Amino acid sequence: MPKVEFWQGNTAVVMGAIAAGCRFFGGYPITPSSEIAEIMAAELPKVGGKFIQMEDEIASIASVIGASIAGLKAMTATSGPGFSLKQENIGFAYMTEVPVVVINVMRGGPSTGLPTKVSQQDVMQARWGTHGDHETIALAPASVQECYELTIEAFNLSERFRQPVILLSDEVVGHMREKIVIPEKGSYHIVDRKRPKEDPEKFVPYKPDPEDDIPPMASFGDGYRWHVTGLTHNQWGFPTNDPDIAEEKILRLMRKVRRFKGEIVKYDTYEVEDAEILVVAYGSVSRTALSAVREARSRGMRVGFFRPITLWPFPDDELRGLLGGVKSVLVPELNCGQMILEVERVVGGKARVFGKGLVNGELFRPSEIFDFIKEVA
Amino acid sequence: MPKVEFWQGNTAVVMGAIAAGCRFFGGYPITPSSEIAEIMAAELPKVGGKFIQMEDEIASIASVIGASIAGLKAMTATSGPGFSLKQENIGFAYMTEVPVVVINVMRGGPSTGLPTKVSQQDVMQARWGTHGDHETIALAPASVQECYELTIEAFNLSERFRQPVILLSDEVVGHMREKIVIPEKGSYHIVDRKRPKEDPEKFVPYKPDPEDDIPPMASFGDGYRWHVTGLTHNQWGFPTNDPDIAEEKILRLMRKVRRFKGEIVKYDTYEVEDAEILVVAYGSVSRTALSAVREARSRGMRVGFFRPITLWPFPDDELRGLLGGVKSVLVPELNCGQMILEVERVVGGKARVFGKGLVNGELFRPSEIFDFIKEVA
Amino acid sequence: MPSQEVLNWLRTRFFPHIWCPGCGHGIIMHALLRALVDLGKKKEETVIASGIGCSSRMPGYIDACTLHTTHGRSLAFATGVKLANPELTVIDVMGDGDCTAIGGNHFIHACRRNIDITAIVMNNNIYGMTGGQASPTTPVGAYATTAPYGVLDVPFDICKLAAGAGASYVARATVAHPLLIEKYVRNAVSKKGFAVVEVVTHCHTQFGRKNKRPRPIDNINFFKDNSVMNNKASNMTLEELQGKIVIGEFVNIELPEYIEQYKNLIEEVGGNRG
Amino acid sequence: MPSQEVLNWLRTRFFPHIWCPGCGHGIIMHALLRALVDLGKKKEETVIASGIGCSSRMPGYIDACTLHTTHGRSLAFATGVKLANPELTVIDVMGDGDCTAIGGNHFIHACRRNIDITAIVMNNNIYGMTGGQASPTTPVGAYATTAPYGVLDVPFDICKLAAGAGASYVARATVAHPLLIEKYVRNAVSKKGFAVVEVVTHCHTQFGRKNKRPRPIDNINFFKDNSVMNNKASNMTLEELQGKIVIGEFVNIELPEYIEQYKNLIEEVGGNRG
Amino acid sequence: MAKFVVDVNEKWCKGCGLCVAICPKKVLEFNERVKSEPVRIDDCIGCHQCENICPDFAITVKEAKPNA
Amino acid sequence: MAKFVVDVNEKWCKGCGLCVAICPKKVLEFNERVKSEPVRIDDCIGCHQCENICPDFAITVKEAKPNA
Amino acid sequence: MSDQRYEIRIAGSGGQGVILAAVIVGEALALYEEGLNVVQTQAYGPEARGGASKAEVIVSRGKIDYPKATNPNLQVILTQKACDEYVHDASPNSVVIVDDFFVTEPPKINANIYSLPIVRTAREEIGREIVTNMVALGTIASILESWDLAKPESIRKAILDRVPKGTEELNSKAFELGYKLIKEKL
Amino acid sequence: MSDQRYEIRIAGSGGQGVILAAVIVGEALALYEEGLNVVQTQAYGPEARGGASKAEVIVSRGKIDYPKATNPNLQVILTQKACDEYVHDASPNSVVIVDDFFVTEPPKINANIYSLPIVRTAREEIGREIVTNMVALGTIASILESWDLAKPESIRKAILDRVPKGTEELNSKAFELGYKLIKEKL
Ligand SMILES: Cc1ncc(C[n+]2csc(CCOP(=O)(O)OP(=O)(O)O)c2C)c(N)n1
Ligand SMILES: Cc1ncc(C[n+]2csc(CCOP(=O)(O)OP(=O)(O)O)c2C)c(N)n1
Ligand code: SF4
Ligand code: SF4
Ligand code: SF4
Ligand code: SF4
Ligand code: SF4
Ligand code: SF4
Ligand SMILES: [Mg+2]
Ligand SMILES: [Mg+2]
């Protein structure tokens with residue numbers, strides 16, 4: 001029988017990670033993500049995994065990338081300031097195509113801001129925080145159950161696409177305790193990175209599998225010798241300035257994700273069929289929003305609900321497909337307007353788009369979103 | 001008589017900074033921005049200013065913020081990887097409202113990428129690179145002359161709005177040598193931060209001037225005692241978790257820029273009146289684009305040119321105002337599609353928007369953009 | 001002890017402060033302020049900088065020019081402040097985590113560069129603020145929230161690190177010796193150059209509770225019982241020194257101060273006439 | 001010296017390498033490979049990591065598991081690699097800028113933490129790759145592109161820094177002593193724990209040209225003329241040591257190795273049966 | 001008569017007990033509000049240890065003015 | 001007859017001159033392509049200094065096989 | 001049974017263990033009762049060491065969307081500061097239990113207010129103020145039982161799961177005293 | 001006068017000073033000639049130390065938009081590698097000067113190709129290969145003069161602004177030799 005637990009979101013992230021096969025965690029404490037490191041410290045040795053507290057966030061993500069190159073599924077967790085510090089090395093992982101999972105439990109910013117309070121201010125940073133181009137995969141859990149499941153999903157996507165995957169949790173979801181049903185081992189899907197099949201002497205480490213544009217990955221220590229560099233490189237992994245090779249490398253990085261966007265994006269809807277007003281919300285805010293939408297429906301208002309679970313790539317086609325009768329799209333966010341920019345772009349003038357930001361460190365109350373709906377209706 | 005020089009873009013940045021009153025530079029070398037540090041090292045002592053090479057990029061921006069708090073106009077310069085590292089402390093400057101100028105001479109990314117090659121891959125990072133909300137002011141020079149003038153402008157905006165201002169240069173503009181006419185002292189406008197007038201005992205360091213939402217700024221050492229913190233704070237600069245105060249602080253940070261967007265944004269146009277095709281380009285690419293637009297015009301094609309000089313805030317109203325007869329908007333960029341997202345949002349379905357990315361480390365050749373125009377025409 | 005003069009340096013409107021009852025950080029702040037009063041410093045010409053941590057909350061309570069920066073980076077901020085205005089007295093107060101974990105690089109470079117700044121490291125062997133995670137000075141075997149089975153890695157000796165990096169003044173006291181703190185801080189601030197005072201202190205809330213010193217006084221007693229002055233320590237065997245806290249002044253040498261050199265340079269290139 | 005065996009460790013298809021004619025980095029690579037051959041290491045079980053810099057281009061030329069990371073961070077990457085697979089021999093090759101400027105924090109923490117990794121610091125007193133900017137080891141008074149009037153700040157003594165941070169093996173050689181490099185690298189790699197070998201080398205292109213040692217041989221001669229073995233140095237006065245490069249083994253002590261401790265922990269909590 | 005005055009600022013005192021424990025003369029004790037209070041002021045030797053150890057700046061030791 | 005063979009790989013030699021300068025027996029000189037060349041091989045004492053100092057792995061010193 | 005949503009709040013100062021108390025309520029309801037959905041949240045500042053903090057538990061047989069209390073049905077308030085800050089959004093006719101020692105000015109709101117010696121029971125009857133939160137848990141158990149939402153036994157079990165070995169008896173005793181404190185008044 | 005755009009490229013290997021040569025051309029045209037717009041750019045890899053590098057100067061009396069050469073009117077090429085890599089976009093009938101020592105296979109393109117002893121002049125007549133770029137500058141000065149675009153005097157001045165004190169004579173001599181090298185052939 002599946003086990004039931006009453007866990008914090010942060011606990012569920014750890015347990016989800018371990019269930020996904022995570023065997024390395026390198027981290028540096030920061031509120032409100034510290035529990036992830038603490039629980040990892042307790043749990044990883046029990047499964048033969050390695051926990052290490054590094055000297056800072058930069059070293060943390062670096063150690064995680066190193067561990068992944070040496071063959072372990074690996075992750076780090078942080079919050080705003082630490083997420084900023086990790087950006088350079090996250091970029092290295094994109095370039096070198098090393099699977100890693102990065103958790104950002106969002107708190108109030110900018111800067112040190114409101115360390116113990118909730119926000120959704122790092123949504124755009126998750127997409128654009130590092131210099132240089134790449135495609136981002138970022139997931140936003142809205143419940144403790146999802147902390148568990150989406151962490152597994154994050155590892156799966158990361159292993160499949162050989163790139164960092166970001167779990168954008170937030171202070172409410174991370175610290176909230178909730179009933180969670182632990183799926184039985186084997187009942188969920190686990191993806192492991194594709195390994196090379198050829199002889200080590202014939203191995204071409206960045207030769208993409210034409211099937212999916214993704215090169216199989218060897219680990220240091222399993223008999224293959226290869227070169228990893230953050231410089232733009234050719235199929236052998238060696239630096240090059242050749243314009244054509246450089247371009248193909250970057251374009252492939254984009255393509256390997258864009259090709260499979262349809263498979264990657266996850267979202268949730270409620271009562272969208274006849275909706276004239278659509279509320280788009282994610283993460284902890286989506287819980288308030290759903291509550292407000294239910295309230296509105298109970299009063300006979302034609303309001304629907306759309307929750308991107310995958311924030312990046314943004315489920316644009318999926319949202320566009322729902323716009324039929326929609327006259328207004330509402331985007332409540334715990335920031336000054338981030339995802340709304342994407343929504344505006346996607347809606348492209350086909351409906352009016354209204355944003356509502358909240359940056360006082362609190363979660364929207366249902367009445368606030370309900371009032372927002374009423375204003376627009 | 002104004003002096004004529006034949007300078008590198010990076011030299012012009014230094015000379016512009018010194019003309020603007022910059023008296024502190026803290027930096028860490030990185031291609032293709034290093035000349036800025038090198039020339040600063042030679043020039044600053046000559047005007048009694050301070051140059052320091054710090055241990056890394058994080059320390060560089062920190063020293064610059066410290067120097068600004070102690071009363072000097074201060075700047076740092078870097079490229080992609082260093083720009084990523086500076087993000088946390090750039091966020092601190094937004095939160096604490098400390099004027100600083102940050103130069104990013106863009107090179108090919110992601111990661112170490114193509115250090116000696118050009119790109120425009122950090123445009124979105126300039127807007128969204130740090131955790132937490134704020135408004136960005138970022139300028140993109142397209143000539144050596146502009147490197148000089150926009151650096152002065154960057155200091156002016158920074159002093160006026162008490163926040164970081166980013167100069168998004170690129171490898172071509174930074175390393176290019178060009179004839180430049182040095183404006184005579186006094187012929188250009190210099191803005192200095194507003195200083196408090198009240199008695200030190202009555203000083204309320206974050207009490208906004210109702211005129212412009214910007215608090216006058218004292219310097220350490222000039223008789224005022226005040227507290228600077230990256231935590232969310234009240235008007236006295238002291239940490240608070242009070243939701244209303246927290247919200248007002250962040251909203252004011254956004255508002256102080258948004259209110260004056262009209263005054264901040266600069267852009268350039270060419271033959272837009274009857275244009276059916278509009279090419280939107282910035283930085284070094286705008287030079288190629290303009291050349292292609294001239295070529296198209298010479299062949300009788302109705303093509304216009306729009307160059308955002310201020311990349312952030314994006315000149316949205318200004319662009320929207322030009323869309324009248326425009327059927328297609330073309331956005332060539334040295335990235336996989338960044339500013340085009342903003343253009344799409346602004347155009348909002350009123351014209352078709354086409355992007356063309358180039359990420360091979362080269363600058364577009366005129367024929368490439370001309371062909372792009374022909375494709376669409 | 002001119003207590004009223006010390007109180008004058010406080011932003012009393014924020015009192016009582018946020019530190020736990022009995023937290024050592026307050027003892028250090030007290031000693032620091034006594035030293036500043038003693039040295040006749042002026043509040044508007046004194047800068048107190050810090051990073052992030054319980055200890056780093058100190059500047060908020062001191063009625064001077066105060067700068068609460070980002071975690072680990074305060075010495076780099078302080079470097080900019082001091083270079084920009086060398087007339088200011090600049091004191092940087094940091095926690096062990098702030099200074100030697102994330103801030104380690106800025107710390108060793110400040111030691112090397114020798115700018116006239118005083119660094120006070122409040123070493124409570126733990127990350128207090130964030131809930132008791134191990135720091136680079138948590139002893140081997142001690143428990144912490146990120147070391148539920150005991151710490152494995154050898155801690156830094158902050159004074160040795162500072163000396164190895166080239167600092168011109170290095171001393172250590174504990175909160176069980178408030179007058180020694182005061183004295184070393186006075187010497188450090190008077191020193192023309194980069195000076196480090198490590199103050200061994202306690203976080204009974206996060207460290208003590210897990211490591212058999214749950215009350216503030218348990219820690220003070222522990223420090224009293226286990227401190228050895230360095231002149232005495234130099235006659236002790238490694239074995240005898242096991243578990244001891246060696247206190248005293250370790251380095252006090254004359255080195256060229258960076259800003260002095262820079263002023264000379266400005267003079268040379270004529271930047272003073274501009 | 002089994003030269004063919006050394007050549008077998010090279011990715012010869014990338015030769016000649018990008019280093020300037022006569023650059024010391026090649027001498028160090030040569031010595032490193034001789035040491036590895038001598039120790040009987042296997043290429044597929046050897047990891048060579050580096051940051052960014054001319055020196056850090058070395059891994060690209062070595063036919064092993066090679067990892068060219070971000071500037072200054074390679075020791076943190078290497079830490080992850082070694083923890084993930086303790087069977088690997090992990091060697092981290094860094095420049096003076098990479099290791100002691102931006103990478104200083106990872107360096108001192110690696111020294112402290114004592115994971116079985118060997119760090120080779122190629123100290124040419126300059127940022128070669130980016131065009132000759134001053135590094136934390138550029139001597140006072142020397143010229144660099146960011147020190148057009150001469151360097152003002154006191155350089156690190158890398159070996160002292162490593163010792164102060166707690167490293168279990170610390171040695172220094174120069175490129176004028178290729179066999180000494182080889183020997184120290186061999187000792188370092190054999191050491192169970194974190195080991196540092198500083199190799200003093202030259203960048204005649206960026207440093208030498210500005211500082212009167214423009215030819216490779218000028219530098220080799222300079223190193224020959226100015227090196228003193230540490231046993232001899234200990235009998236010299238500070239004045240006599242002025243301008244000298246002290247070479248030799250400075251630290252060689254036994255300390256608990258981190259991963260060994262961690263393995264014990266896994267054993268204790270039963271993680272080995274999982 | 002007591003030679004010293006030991007002032008405790010009850011608003012700031014958090015009852016940590018350090019002064020109570022450290023006083024060599026056992027001058028201080030907790031009152032019912034768990035604040036420090038000099039109960040044997042006559043024994044006070046004016047050593048300032050309580051003042052200097054108080055993390056909350058809640059204690060001031062002064063010489064008693066004889067004719068006050 | 002020479003006891004040693006000093007092989008110079010001209011493709012890799014960059015003409016830095018280190019081997020030429022360091023050889024205790026002045027065995028090596030630059031040729032017209034500015035590559036190192038053993039011109040006094042009989043003087044070679046097989047000390048390997050040239051090999052070890054060459055940053056370009058361009059020199060190999062071997063014992064001459066007497067009957068080769 | 002209806003999907004009614006019950007909101008429980010425990011508030012006090014940093015050191016009083018209000019979060020642990022809420023976690024135990026949550027665990028009791030989630031793990032030892034059938035068919036309940038439970039969400040527990042908390043709020044604390046960096047001033048947790050001194051300032052007010054609160055923890056909440058939302059219970060429902062239906063889905064719980066919004067995870068925090070909007071109008072709590074039951075509040076246990078242990079300090080005046082917490083009372084001033086939090087109590088006012090009480091649901092009409094809800095239960096508000098305040099500590100009679102620390103909360104010197106009980107709120108003037110439309111609720112069933114009980115001023116009980118929670119801290120004093122811990123301090124005086126057990127002799128350890130540290131078990132204040134267990135006494136509070138006892139009062140909560142009484143109320144939840146009266147609402148037919150949970151058996152006291154569930155909370156007893158959850159306490160035993162959580163408290164350190166060797167302190168079971170102490171904590172249980174505190175719980176039982178708390179349970180009785182209000183039982184008598186209901 | 002027309003707004004014709006002239007594109008000049010100097011290419012060779014890292015150490016040959018091609019960028020300095022281009023900078024000097026640029027400075028000469030920008031500072032010592034009237035009414036010319038000038039842009040100078042370069043390209044080099046991290047392998048600058050060995051690989052091919054190129055520097056370009058664009059001159060026009062009109063505005064210069066695109067700052068790089070598309071079809072150079074004048075190229076001076078100092079190594080075979082640079083020749084192989086860069087020369088092919090020469091404008092039809094443009095001038096291409098190649099070094100006769102290092103460029104062993106002159107390009108087969110539609111251009112006026114001159115194979116001249118640039119390196120050899122520096123090496124043999126001056127005795128310092130380091131002045132190769134000055135010899136190259138001399139050839140460029142000749143061509144620009146023949147195009148009526150710049151006086152050799154301007155380049156001479158620009159050289160003196162740039163070269164280290166004490167080396168003026170050496171550099172000037174190299175320049176003059178270069179100037180003559182091609183003058184004779186025009
Ligand atoms: C970049 C960043 N990383 C992590 C944190 C979280 N953080 C705040 S304080 C702290 C540790 C404080 O420890 P210490 O400096 O020893 O101070 P103490 O609280 O013990 O006095 C940490 C890890 C942060 N604020 N910023
Ligand atoms: C984050 C970051 N900052 C700066 C740089 C630029 N950079 C590359 S190598 C280098 C210095 C290299 O010096 P060193 O490590 O001494 O190596 P050397 O070239 O002298 O062998 C610098 C500053 C970079 N690549 N990344
Ligand atoms: S948590 Fe520790 S360091 Fe922080 S205030 Fe409390 S006792 Fe002091
Ligand atoms: S620049 Fe210096 S360090 Fe780099 S390859 Fe040349 S000589 Fe070596
Ligand atoms: S030391 Fe201070 S805070 Fe502690 S009990 Fe004494 S007076 Fe109160
Ligand atoms: S001054 Fe000394 S003797 Fe007097 S109360 Fe304080 S500690 Fe006790
Ligand atoms: S040392 Fe090597 S590269 Fe240098 S000249 Fe001799 S053989 Fe050639
Ligand atoms: S082996 Fe020794 S003697 Fe022989 S050529 Fe080389 S350096 Fe000279
Ligand atoms: Mg601490
Ligand atoms: Mg170097």
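Order of the sequence lines sets the chain letters (A, B, ...), proteins ahead of strands, with each chain counted from 1. Everything numeric here is computed off the predicted structure, so don't read it as measured data.
- Using a 4.5 Å cut-off between heavy atoms, D:Ile28 makes no contact with chain F at all.
- With a threshold of 4.5 angstrom between heavy atoms, D:Pro16 approaches chain F through its backbone and through its side chain.
- Judged by distance alone, with hydrogens and angles left aside, the side-chain atoms of D:Arg186 form no donor-acceptor pair with the main-chain N or O of D:Leu39 at under 3.5 Å.
- When the heavy atoms of residues 14-37 of chain F are compared with those of chain D, the residues falling under 4.5 Å are F:Lys14, F:Cys16, F:Leu18, F:Ala21, F:Ile22, listed by number.
- With a 4.5 Å cut-off on non-hydrogen atoms, D:Ile217 touches chain F through its backbone and its side chain both.
- Among residues at least two apart or in separate chains, salt bridge (charged side-chain N to carboxylate O under 4.0 Å, His left out) pairs with a member in residues 200-216 of chain D are D:Arg215-D:Asp218.
- A 4.5 Å side-chain heavy-atom check between F:Glu63 and F:Val5 finds every atom pair outside the cut-off.
- Using modelled atom types, no side-chain atom of F:Asp56 and backbone atom of F:Ala58 make a donor-acceptor pair closer than 3.5 Å.
- In summary, the aromatic rings of D:His202 and D:Phe207 are positioned with their centroids too far apart to meet the 6.0 Å limit.
- Between D:Trp19 and D:Tyr61, the distance separating the two ring centers is shorter than 6.0 angstrom.
- Side-chain atoms of D:Glu249 and D:Asn230 include no donor-acceptor pair closer than 3.5 Å.
- Heavy atoms closer than 4.5 Å to chain F are found in the side chain of D:Leu33, but not in its backbone.
- Two residues are said to be in side-chain contact when any heavy atoms from C-beta on lie closer than 4.5 Å; D:Val200 and D:Ile181 fail this criterion.
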